[in-house]
Amino acid sequence: MFLSIAILDSFVLVLSGVLTISVLGLGFVVYNQFIHPIFLRKESDRYIPVQTGDKYDLVVDELSRFASFNIGCKTGQLATRCNAITEDHLIFQFKKSRDSEDYTITVLKNGPSFYKPPRMEHYGKMESKETFDSYEIIGHPAEFRISDKIAKDRMVNYIEISLTSSFYFNRSGKERMKFTFEVGKIQPGINRKVRFRGDVYGFGKEEGAEED
């Protein structure tokens, strides 16, 4: 009887070992074929400069009622990978009202920036801080130009970024406000063929690029 129990225990042990190896093998295959490539793709995307049409959405958490969105060179929610842009070049702070989908938006700048308020036609030098309300940018974006310098009240090279707001219904069927940042014109472009130390790029047309 003891021999039978020992054999049974050994069989269970071997079976458990085989099952463990099978699970680990399956996990390795899944990770190697599906999960790891996604991580690699996301990691490589961090080093790709922004391009016209890139969009970034933001929804403010209802509990904290606060969110921030940073635009910089290599860091922030929108990393331009452009060496003319400083870290935290623009910092957007969103503060939600307690009982409604109304927000106060404060924009701080840490680098040369132009600002075109909603419904306005012309850019002007941005002050150290700009503030506006979320309803102002429904259908009428606030627009920004960022660069490394301003010469004679103009920018020769710059990246345009617009901010708009819109409503959507979440999974609970509740109407929420969503903010969308979109990269507009990049003047004259970002030369992706010349990469500098730190995996950043400079303004300029790529060699062989067609003129506008």
Side-chain angles (χ1 to χ4, degrees), residues 38-39 41-82 84-120 123-124 126-147 155 158-187 190 199-201:
I38 293 174
F39 283 140
R41 192 180 310 118
K42 288 185 176 180
E43 183 69 15
S44 64
D45 287 347
R46 292 177 56 236
Y47 300 98
I48 298 176
V50 294
Q51 55 188 347
T52 299
D54 286 352
K55 291 185 178 182
Y56 304 80
D57 291 332
L58 180 143
V59 175
V60 178
D61 180 73
E62 287 190 272
L63 294 179
S64 66
R65 297 187 290 113
F66 179 83
S68 64
F69 188 97
N70 292 14
I71 298 174
C73 176
K74 296 189 291 183
T75 62
Q77 288 80 3
L78 197 168
T80 63
R81 309 306 302 188
C82 178
I85 306 305
T86 64
E87 300 302 359
D88 296 330
H89 200 110
L90 290 179
I91 302 174
F92 294 79
Q93 299 176 336
F94 299 82
K95 180 64 177 177
K96 182 183 181 300
S97 297
R98 184 176 298 277
D99 300 316
S100 68
E101 286 295 307
D102 294 317
Y103 298 78
T104 299
I105 304 166
T106 301
V107 189
L108 308 175
K109 79 174 182 72
N110 292 301
S113 305
F114 278 169
Y115 169 52
K116 184 167 72 171
R119 300 177 184 271
M120 300 297 287
Y123 283 92
M126 185 177 169
E127 300 298 330
S128 59
K129 181 173 73 173
E130 300 285 354
T131 302
F132 49 88
D133 294 322
S134 57
Y135 69 84
E136 296 181 63
I137 57 173
I138 298 177
H140 300 278
E143 299 183 40
F144 303 83
R145 283 180 179 173
I146 56 177
S147 187
M155 286 181 177
Y158 55 82
I159 297 175
E160 285 185 358
I161 296 166
S162 65
L163 170 63
T164 57
S165 61
S166 59
F167 285 97
Y168 77 103
F169 288 97
N170 62 16
R171 293 181 179 179
S172 301
K174 185 175 182 180
E175 191 174 42
R176 295 295 318 280
M177 180 168 279
K178 175 177 67 176
F179 298 95
T180 301
F181 293 84
E182 182 172 2
V183 178
K185 185 177 182 180
I186 302 176
Q187 172 62 34
I190 295 179
D199 296 311
V200 296
Y201 303 78

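- Between Lys129 and Thr106 there is a side-chain heavy-atom pair separated by less than 4.5 Å.
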query: Run the side-chain contact (heavy atoms from CB on, under 4.5 Å) check on Ile105 and Glu136 step by step: do they pass?
result: CA-CA 10 Å; Ile105 304 166; Glu136 296 181 63; over 6 Å; no

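- Looking only at side-chain heavy atoms (C-beta outward), Thr164 and Glu182 stay at 4.5 Å or farther from each other.
- Crowding of Arg119 atom CZ: a count of heavy atoms from other residues, nucleotides or ligands under 6.0 Å not exceeding 12.
- Atom CE of Met177 is separated from atom CZ of Phe167 by 3.5 Å, given to the nearest 0.5 angstrom.
- Note that the OG atom of Ser100 and the CZ atom of Arg98 stand 11.0 Å from one another [nearest 0.5 Å].
- Closest of all the heavy-atom pairs between Ile85 and Cys73 is O-CB, 2.9 Å.
- Residues Pro112 and His89 are in side-chain contact: their nearest non-hydrogen atoms beyond the backbone lie under 4.5 Å apart.
- By the 30° and 60° cut-offs, the orientation of the rings of Phe132 relative to Tyr115 is parallel.
- To the nearest 0.5 Å, atoms OG (Ser68) and NZ (Lys95) are separated by 12.5 Å.
- Residues Tyr168 and Val59 are in side-chain contact: their nearest non-hydrogen atoms beyond the backbone lie under 4.5 Å apart.
- Side-chain N or O atoms of Arg176 include one that pairs as donor or acceptor with a backbone N or O of Val60 at under 3.5 Å.
- In this structure, the side chain of Thr180 does not engage the main chain of Asp57 through any donor-acceptor pair within 3.5 Å.
- Taking all atoms of both residues into account, the shortest heavy-atom contact from Cys82 to Ile190 is CB-CD1, 4.1 Å.
- Without hydrogens or angle criteria, Asp61 side chain to Leu63 main chain gives a donor-acceptor distance under 3.5 Å.
- When all heavy atoms of Ile146 and Ser113 are compared, the closest pair comes out as CG2-OG, 3.8 Å.
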Worked verdict on Phe179 versus Ser134 for side-chain contact (heavy atoms from CB on, under 4.5 Å): CA-CA 9 Å; Phe179 298 95; Ser134 57; 3.9 Å; yes

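- Between the OG atom in Ser166 and the CD1 atom in Ile138 there is a gap of 8.0 Å [rounded to 0.5 Å].
- In terms of heavy-atom proximity, Asn110 sits nearest to Thr86 at O-OG1, 3.6 Å.
- Aromatic ring pairs are classed by plane angle as parallel below 30°, tilted from 30° to 60° and perpendicular above 60°; the pair Phe69 and Tyr56 is perpendicular.
- The number of heavy atoms from other shown groups lying within 6.0 Å of CD (Glu62) is above 12.
- With sequence neighbours excluded, no residue satisfies salt bridge (charged side-chain N to carboxylate O under 4.0 Å, His left out) with Asp102.
- Within the model, atoms CZ of Arg145 and CD1 of Ile161 stand 12.0 Å from one another, a figure rounded to the nearest 0.5 Å.
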field: Residues Asn70, Leu78; criterion side-chain contact (heavy atoms from CB on, under 4.5 Å); working and verdict
entry: CA-CA 6 Å; Asn70 292 14; Leu78 197 168; over 6 Å; no

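- Taking both residues in full, the closest heavy atoms of Asp54 and Val50 are given as OD2-CA, 3.5 Å, listed atom of the first, atom of the second, then distance.
- No salt bridge links Glu130 with Lys109; every basic N to acidic carboxylate O contact stays at or beyond 4.0 Å.
- Using a 4.0 Å cut-off between charged side-chain N and carboxylate O, Lys74 and Glu87 make no salt bridge.
- The shortest side-chain heavy-atom distance between Arg81 and Ile48 does not fall under the 4.5 Å cut-off.
- Between the Ser165 side chain and the Lys178 main chain, no donor and acceptor come within less than 3.5 Å of each other.
- Side-chain rings of Tyr123 and Tyr158 stay apart, their centers remaining 6.0 Å or farther from each other.
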message: Does Glu160 form a side-chain contact (heavy atoms from CB on, under 4.5 Å) with Lys116? I'd like the steps, not just the answer.
response: CA-CA 10 Å; Glu160 285 185 358; Lys116 184 167 72 171; over 6 Å; no

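- For the atom pair CD of Gln77 and CD1 of Ile71, the computed distance is 9.0 Å after rounding to the nearest 0.5 Å.
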